[in-house]
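For reference, the structure discussed in these notes is given below.
As the structure is a prediction and not an experimental result, all values here were calculated from the model.
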Amino acid sequence: MFEQLSSLPPDPILGLLATYRTDDNPNKIDLGVGVYKDESGHTPVLQAVKEAETRLLQSEETKAYIGPAGAPGFNTAMQELVLGAEHPALLAGRVRSAQTPGGCGALRVLAEFVNRARPGATIWVSDPTWANHVPLLGNAGLEIKSYPYYDRASATLQFDQMVDTLQNVGEGDLVLLHACCHNPCGADLSREQWKVIVEMAQKQGFTPYIDMAYQGFGDGLDDDAWGLRLMAESVPEMLVAASCSKNFGLYRERVGLAMAIYNDVAAADRGQSQMLNAIRGNYSMPPSHGAAIVESILTDASLRANWEAELTEMRERINGLRAGVVESLAAAGAAGDFGFIQRQKGMFSFLGINAEQVQRLQKEFSIYMVDSSRISIAGLSQGNMEYFSKAVASIL
């Protein structure tokens, strides 16, 4: 059965992490893995999560299955978090969703759902995009094409080129958009640019497919969802994959939401039957624990206030690190202008160095990042900022 299988190389980020863990340099820095870290380099459990989990352990009375759609309370609370409680699409009953194993599960479920409606449909993704978008969507049967998005040389958004390419996209195709905190480049669409893309979707009839992995990590919960909400008000059909990994710190619990907006209630009911059938033939039902924590936080005023305060603290720490690294690189005499790092949003930015320089940072200084020079800003701290900046300055 398995004799013809060949070995595949490890995932670049996971392989990098394995090498980092065996490095005995006390000054080593991991800028590869996309998880939030505090000043000590630890990924904490949020206090709101701890409290919700304690309540759950005391009150949970069964471990019975929760069904393919997941917990209804979680789905409702997440729909309102993403869209806003008074969004017209929600009030019209045009939204259906399912709890999934993480944002990855949501992306894959929605891709398989699309493939039922239009087998082999083309989905346009940004260049660059998160590397795992390609296998998650492509392995489900969709054809992947790309549109220009970010110019690494100038560290700027290529919006005109993006528009030029998307003008050729019409009905039957999908366009994947990052709601906020673009991974991997950190360059987000402005509100005016969102309006342009919304008008294109209306006019040309392509289906927006929005990945919301970092709500709350850019400018705030509502600001980060502004473009997504405008799109949902403006088009008859739309898909959203949302993740609770980052903003709730629930990485290993795998909590996500697959959401579809339909033209009318009847289409929504038909579509939901197909999505749930796709889930049943995949993992059957999602895990309950992490989603129950999220539901508890979003539906309890005290827990929600505490969570939002912790989320604000994480966001402000990352934004502070962005400003700090720009200042630190300048102080270290690093050649070039790194001001773009401060203007970008979320966990990631390209440092803008080549693969050879990336390897030098790893070999000479034990500073780990993928060859594209994408760095996780949260891997920096006040304690390692100077070491990092001097190392970068030395290889430029």
Side-chain angles (χ1 to χ4, degrees), residues 33-38 42-85 90 95-109 179-181 211-217 220-222 224-225 240-259 279 283-315 317-318 346-347 378:
V33 176
V35 297
Y36 176 81
K37 297 178 182 179
D38 60 19
H42 178 61
T43 301
V45 179
L46 301 186
Q47 289 301 312
V49 168
K50 282 183 174 290
E51 176 61 27
E53 195 164 33
T54 298
R55 296 183 190 182
L56 176 63
L57 292 175
Q58 293 172 346
S59 63
E60 190 173 48
E61 297 178 344
T62 182
K63 294 293 186 181
Y65 295 121
I66 58 175
F74 167 84
N75 287 326
T76 298
M78 281 296 295
Q79 286 176 179
E80 292 180 355
L81 179 68
V82 172
L83 290 173
L90 283 176
V95 182
R96 298 290 184 273
S97 61
Q99 173 194 331
T100 59
C104 290
L107 287 162
R108 182 56 179 263
V109 163
C180 62
C181 305
D211 188 357
M212 170 81 92
Y214 302 95
Q215 186 179 6
F217 263 71
L221 287 168
D222 292 327
D224 289 351
V240 178
S243 171
C244 300
S245 293
K246 276 71 177 181
N247 52 10
F248 288 88
L250 289 169
Y251 303 91
R252 66 174 59 172
E253 300 296 351
R254 312 307 300 132
V255 188
L257 184 81
M259 182 168 69
I279 288 171
Y283 52 84
S284 187
M285 302 178 198
S288 170
H289 186 77
I293 292 170
V294 171
E295 180 182 345
S296 180
I297 290 171
L298 291 180
T299 56
D300 181 278
S302 176
L303 285 177
R304 177 153 184 161
N306 291 342
W307 167 66
E308 290 191 13
E310 290 182 277
L311 179 57
T312 298
E313 182 179 337
M314 290 191 289
R315 177 176 67 251
R317 168 176 159 73
I318 290 175
M347 301 252 291

Main chain of [Y], side chain of [X]: is a donor-acceptor contact present, judged purely on distance under 3.5 Å?
| X | Y | answer |
| --- | --- | --- |
| Asp224 | Phe217 | yes |
| Asn247 | Gln215 | yes |
| Thr43 | Tyr36 | yes |
| Asn75 | Ala69 | yes |

Distance, nearest 0.5 Å, that separates [atom1] of [X] from [atom2] of [Y]:
| X | Y | atom1 | atom2 | value |
| --- | --- | --- | --- | --- |
| Leu107 | Asp211 | CG | CG | 4.5 Å |
| Arg55 | Ile297 | CZ | CD1 | 9.5 Å |
| Thr76 | Leu90 | OG1 | CG | 9.0 Å |
| Arg317 | Asp38 | CZ | CG | 6.5 Å |
| Leu303 | Glu51 | CG | CD | 6.0 Å |
| Asn306 | Lys50 | CG | NZ | 14.0 Å |

Using the test side chain to side chain donor-acceptor pair (under 3.5 Å), find all partners of Ser59 that sit at least two apart in sequence or belong to another chain.
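Ser59 satisfies side chain to side chain donor-acceptor pair (under 3.5 Å) with no residue once adjacent residues are dropped.
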
Does the side-chain contact (heavy atoms from CB on, under 4.5 Å) test come out yes or no for Arg254 and Cys244, once each step is laid out?
CA-CA 8 Å; Arg254 312 307 300 132; Cys244 300; over 6 Å; no

Determine whether more than 12 heavy atoms belonging to other residues, nucleotides or ligands lie under 6.0 Å from atom CD of Glu60.
yes

Considering all heavy atoms of both residues, which atom of [X] and which atom of [Y] are nearest to each other, and what is their separation?
| X | Y | value |
| --- | --- | --- |
| Val82 | Val240 | CG1-CG1, 4.2 Å |
| Lys37 | Ala378 | CB-O, 3.5 Å |
| Arg315 | Gly220 | NH1-CA, 3.7 Å |
| Val35 | Met347 | C-CE, 3.4 Å |
| Ala213 | Ser243 | CA-CB, 4.0 Å |
| Ala241 | Gly103 | CB-O, 4.5 Å |

Working note: Lys246 + Cys181, criterion side-chain contact (heavy atoms from CB on, under 4.5 Å); need CA distance, chi angles, decisive distance, verdict.
CA-CA 11 Å; Lys246 276 71 177 181; Cys181 305; over 6 Å; no

Give every residue pair that meets the salt bridge (Lys or Arg N to Asp or Glu O under 4.0 Å) criterion with at least one member in residues 301-310, sequence neighbours excluded.
Arg304-Glu308

For residues 284-295, dump all side-chain donor-acceptor pairs below 3.5 Å to protein atoms at least two apart in sequence or in another chain.
{"unit_1": "Ser284", "atom_1": "OG", "unit_2": "Arg280", "atom_2": "NH1", "d": "2.3"}
{"unit_1": "His289", "atom_1": "NE2", "unit_2": "Glu53", "atom_2": "OE2", "d": "2.6"}
{"unit_1": "Glu295", "atom_1": "OE1", "unit_2": "Phe74", "atom_2": "N", "d": "3.3"}

Applying side-chain contact (heavy atoms from CB on, under 4.5 Å) to Glu80 and Leu298, what does each step give before you reach the verdict?
CA-CA 9 Å; Glu80 292 180 355; Leu298 291 180; over 6 Å; no

